[in-house]
Peer 1: 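Sharing a structure with you now.
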Amino acid sequence: QVQLVESGGGLVHTGDSLRLSCTASGSIYRPYTMGWYRQTPGQSRDLVAELTATKNTNYADFVKGRATITKDDAKNTVYLQMNSLKPEDTAIYYCHFQWGFRNYWGQGTQVTVSS
């Protein structure tokens, strides 16, 4: 089992920046994929950004140029820095961890961007 602890969500204003953190613990085997998804009520959970087991970085079009995902391997922690936030970025952000066919999700952290 893998446990994911997220932090960094909150209420910000349009144009502000925010950094989300997610730390994995438990039975962790490398290489793994780790990243962030987001979801709004009634909508699907969409990829925001991820660092893959094959060392690729993927960003959703809606955050390209505004977000940077990084990882601290020693801490099994992934960070998502988001800049120039917009009201449409308001969502619950979920940390995701994948190793092989195993997928784990964090509890989610609310990000609200007010106009």
Peer 1: Look up atom CH2 in W36 and atom CG in L51, then write down how far apart they are to the nearest 0.5 Å.
Peer 2: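 The distance works out to 12.5 Å.
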
Peer 1: What pairs meet the salt bridge (charged side-chain N to carboxylate O under 4.0 Å, His left out) rule with one or both residues in residues 26-36, with sequence neighbours excluded?
Peer 2: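 Non-adjacent pairs meeting salt bridge (charged side-chain N to carboxylate O under 4.0 Å, His left out): zero.
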
Peer 1: For residues L18 and L47: do they belong to one hydrophobic cluster (side chain heavy atoms under 4.5 Å, members Ile, Leu, Val, Met, Phe, Trp, Tyr)?
Peer 2: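 No; tracing contacts between hydrophobic side chains, which count when under 4.5 Å, never links both residues.
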
Peer 1: Please list all pairs passing the disulfide bond (SG atoms under 2.5 Å apart) test where one or both residues lie in residues 65-104, with sequence neighbours left out.
Peer 2: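 Counting only pairs at least two positions apart or across chains, the disulfide bond (SG atoms under 2.5 Å apart) contacts touching residues 65-104 are C22-C95.
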
Peer 1: Do Y37 and F97 share a hydrophobic cluster, counting only Ile, Leu, Val, Met, Phe, Trp and Tyr and linking them when any side-chain heavy atoms are less than 4.5 Å apart?
Peer 2: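 They do not share one cluster, since no chain of ILVMFWY contacts under 4.5 Å joins Y37 to F97.
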
Peer 1: Taking side chain to side chain donor-acceptor pair (under 3.5 Å) as the test, write out the residues that go with S25, two or more places apart.
Peer 2: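 Not a single residue meets the side chain to side chain donor-acceptor pair (under 3.5 Å) criterion with S25.
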
Peer 1: Which atom pair, heavy atoms only, marks the closest approach of E6 to G108?
Peer 2: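 Where E6 meets G108 most closely, the heavy atoms are OE1-N, 2.6 Å.
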
Peer 1: Sort out for me which residue in L20, I69, D72 forms a side-chain contact (heavy atoms from CB on, under 4.5 Å) with Y79.
Peer 2: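 It is D72, the one option of L20, I69, D72 that forms the side-chain contact (heavy atoms from CB on, under 4.5 Å) with Y79.
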
Peer 1: What pairs meet the side-chain hydrogen bond (donor to acceptor under 3.5 Å, both in side chains) rule with one or both residues in residues 98-107, with sequence neighbours excluded?
Peer 2: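 Output for this query lists H96-N103.
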
Peer 1: Do V78 and Y59 belong to the same hydrophobic cluster, where Ile, Leu, Val, Met, Phe, Trp and Tyr are linked whenever their side-chain heavy atoms lie under 4.5 Å apart, directly or via other members?
Peer 2: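 Yes, it is one cluster - the side chains of V78 and Y59 are joined through contacts under 4.5 Å.
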
Peer 1: Roughly how far, to the nearest 0.5 Å, is CD of Q39 from OH of Y94?
Peer 2: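 Here the rounded value is 5.0 Å.
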
Peer 1: Kindly determine whether M34 and L4 satisfy side-chain contact (heavy atoms from CB on, under 4.5 Å), including the steps that lead there.
Peer 2: CA-CA 10 Å; M34 200 166 173; L4 301 174; 4.2 Å; yes

Peer 1: What distance separates T90 OG1 from L85 CG, expressed to the nearest 0.5 Å?
Peer 2: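 Spacing of OG1 (T90) from CG (L85) equals 8.5 Å.
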
Peer 1: Any pair with a residue in residues 44-54 that passes salt bridge (charged side-chain N to carboxylate O under 4.0 Å, His left out), sequence neighbours left out, goes on the list, sorted by first then second residue, please.
Peer 2: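 For residues 44-54: none.
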
Peer 1: Starting at OG of S27, measure out to CD of Q1 and round the result to the nearest 0.5 Å.
Peer 2: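 One finds 8.0 Å between OG of S27 and CD of Q1.
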
Peer 1: Write out all pairs satisfying salt bridge (charged side-chain N to carboxylate O under 4.0 Å, His left out) with one or both partners inside residues 81-101, taking only residues at least two apart or from two chains.
Peer 2: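 Matches after skipping sequence neighbours: R38-D89, R66-D89.
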
